[in-house]
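Report on one structure; see the data block that follows.
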2 protein chains.
Amino acid sequence: MPKVTITEVARRAGVSAMTVSRVVNNTGMVRPETRERILRVIAETSYRPNGIARSLITQKTMTIGLVVPDLTNPFFPDVVRGAEDQAFEGGYTLYISDIAELPAREERVLERFEASRVDGVIVCAPRLPDERLAELLSGHPAAVVINREAPPKVAGTVANDDTYGAMRAVHHLLQSGREHIGMLAGPPASRAGRLRSRGYENALSASGHEMKSGWLEPCESNEHGGYNGFKRLLKRHKNLQAVFGYNDLVALGALQAAQEMGLRVPEDIAIIGYDDIRMAALATPALTTLRVDRYGLGAEAFKMLLIRISGKQPPAVLLRPELVVRQSA
Amino acid sequence: MPKVTITEVARRAGVSAMTVSRVVNNTGMVRPETRERILRVIAETSYRPNGIARSLITQKTMTIGLVVPDLTNPFFPDVVRGAEDQAFEGGYTLYISDIAELPAREERVLERFEASRVDGVIVCAPRLPDERLAELLSGHPAAVVINREAPPKVAGTVANDDTYGAMRAVHHLLQSGREHIGMLAGPPASRAGRLRSRGYENALSASGHEMKSGWLEPCESNEHGGYNGFKRLLKRHKNLQAVFGYNDLVALGALQAAQEMGLRVPEDIAIIGYDDIRMAALATPALTTLRVDRYGLGAEAFKMLLIRISGKQPPAVLLRPELVVRQSA
DNA sequence: AACCAAAATGGTAGCGCTAACATCATGGAT
DNA sequence: ATCCATGATGTTAGCGCTACCATTTTGGTT
């Protein structure tokens, strides 16, 4: 059976479409008896207002597009959950798109969102180059990016405070008496890598340790990279007491290398990772690391989006990660 | 700046809106020069057809609603990916909703999808009671449920073949020479539990082992349940040689109990789980288990939905899980 | 040059709803 | 009885687009 329209409901209730509209949207005034009669007809016909038609005139769709690089990466479902909870509460529906790490798909998805006239978009860790990203975002009424910068006119930013996290890690190391601290800095091209390296340097210089070169070792962002990087670092500095890894995988690689070389962790070498992936807790010794507030990232991004939709431009939000102290440091 | 409309494009190109429409949708015939001129104007104005207005008249939104119980459960992102890949290819956009395991939210989401006039919905492992679910699904033009039955008029079904999987597990155990095989059957209310128990019974009776009572032990669906269930089972049957767990967590619990009691796995007791969660591969010994084709579940559900949208009612699809032989059996 | 099928374009209406205004009832104050 | 603020309802128009049909142009044929 075809869907019942507002006109049909109006006809059956013996009123005009406007009166039905007023009842459905709870706006304007309607005599209680009339309202009741209309509600009865609505129930009988199981009428559902056509959101499409409504959107056409109100110029609002109450939908938000959310782009995530990869839902099978356990980082992102938490972000989604944060956004989804906010959306649900605010009466918004989310178009979630998993682009499977493909920039081309990110592009297409953003275009489709535009055709769908979403009220705004949130892009999580965009994979597109700055320029193209800005271009695509500017087609939307409002936008927020997570863990990436964007021109303030085009999009707001919510990000993890990488610099703070790194400082926190290094402080912890210093407090436990280590002086000679190296960093496995990840790939030079990585934004997070740069920010975390900066935090590492800040923490050291703030506590009076002058930065000497050769303690910041670039590496691939996986276990292999950590494994090799650690060996290079140790070869260069026999007095190495602690290592801060670009991420948990790198730290785990370093851990493995240390153990193979007969070093005790944390007695001989302290190790700290970043991200708190599940494997971090499972390692032996369990990895001390920094936990990013993923849920908060999603929730804050959504809140900021609503503010931007209303025309304001709030400053960037930086969420501080939490140091999770386990056994490795 | 406000969005450019088709009328504005038409005006600038010196043609009627219809001609622009024909170019945009690639329908009907337009002289090459005219087409080019229009395309130029479209590019200049970065015109994006308003999908809302289009949907209102075509009565199609090219959107599909997808409901998942919990994206932070690693099972579901793979399902989503399967559906998303199909959707993307077919030009559809997905409304994905993570209901955080809340039936009330499932209800609300399904209603909102109806208001959005999605062309169809896929509900993954619905949390709603049969009757209410059927009611809500029947409001949609088409529907498919994953891992759950529904009236064929209301929704199609794509499911993992639990019975087959259980039979496969038990066969494997029998082939390796175990005769006295118990099952930790999970909660009695669980649909998967019942189907897997049936497969267990089928496999045993098919190979001439008569089913005696007391070998099918209900338990909670977590490690704790498996741990306690195993102890009860072993107390009752000293000759226990193998255990098939309702899911991996249960099997892992059993594994722990066995090891604590000094039993060697798999030498003294063979253990098989179900689901192949990440932890299964990480356990010592690594857990033999059944891997559900999660991606296939999502992909097949989407394909079936398209068929149902076209008015047909294809039979249910059962996807066979794969036995992943590791060390525990 | 007249003709005509096909190609190319335009006009009109309406999808289902609501913004904005117009109209009509109601009942207390005068 | 008259007035009018307020409450309650209806009318009109139009959001941006496309289905459907009407009209005009084009490039051969005769």
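Order of the sequence lines sets the chain letters (A, B, ...), proteins ahead of strands, with each chain counted from 1. Everything quoted here is computed from the prediction, not taken from an experiment.
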* Do you know which of Glu107(A), Glu106(A), Glu101(A) makes side-chain hydrogen bond (donor to acceptor under 3.5 Å, both in side chains) with Arg127(A)? -> Glu101(A)
* Hey, what bend do you get for the helix from dA1(C)-dT30(D) to dT30(C)-dA1(D) if you fit axes on five pairs at each end, rounded to 10°? -> 60°
* List in chain and number order the residues that pass side-chain contact (heavy atoms from CB on, under 4.5 Å) with Asp85(A), two or more places apart in sequence or in another chain; answer none if no residue qualifies. => Arg81(A), Tyr295(A), Arg105(B)
* Counting only non-hydrogen atoms, which of residues 30-61 of chain B are less than 4.0 Å from DNA chain C? -> Val30(B), Arg31(B), Thr34(B), Leu56(B), Ile57(B), Gln59(B)
* Asked: In residues 19-29 of chain A, which residues come under 4.0 Å of DNA chain C by heavy atom?
  -> Ser21(A), Asn25(A)
* **Pair Arg12(B) + Glu8(B), salt bridge at N-O below 4.0 Å** => yes
* Asked: More than 12 heavy atoms of other residues, nucleotides or ligands under 6.0 Å from NZ of Lys312(A): is that the case?
  -> no
* Asked: Do any pairs count as a ring pair (Phe, Tyr, Trp, His ring centres under 6.0 Å) and have a residue in residues 84-141 of chain A, sequence neighbours left out, and if so which ones?
  -> Tyr92(A)-Phe302(A), Tyr95(A)-Phe113(A), Tyr95(A)-Tyr95(B)
* Asked: Salt bridge check: are Glu33(B) and Arg40(B) linked by an N-O gap of less than 4.0 Å?
  -> no
* Arg35(B), Glu36(B), Arg37(B) screened by side chain to side chain contact (heavy atoms under 4.5 Å, CB included) with Val30(B), the one that passes -> Arg35(B)
* Asked: Judged by atom type as modelled, is there a donor-acceptor pair below 3.5 Å linking the side chain of Ser21(A) to the main-chain atoms of Ala17(A)?
  -> no
* Does Asp162(A) come within less than 4.0 Å of Arg194(A), counting only side-chain N to carboxylate O? -> no
* Is the number of heavy atoms from other residues, nucleotides or ligands under 6.0 Å of Arg108(A) CZ greater than 12? -> no
* Structure fact -> The first and last nucleotides of DNA chain D lying within contact of chain B, meaning any atom under 4.0 Å from one of its heavy atoms, run from dG16(D) to dC20(D)
* **Check against side chain to side chain contact (heavy atoms under 4.5 Å, CB included), Phe75(B) and Val292(B)** => CA-CA 9 Å; Phe75(B) 185 91; Val292(B) 175; 4.0 Å; yes
* Which of these, Ile42(B), Thr19(B), Ile38(B), sits in a side chain to side chain contact (heavy atoms under 4.5 Å, CB included) with Val24(B)? -> Ile42(B)
* Identify whether any heavy atom of Ser16(A) sits under 4.0 Å from a base atom; if not, whether one sits that close to sugar-phosphate; answer base, sugar-phosphate or nothing. => base
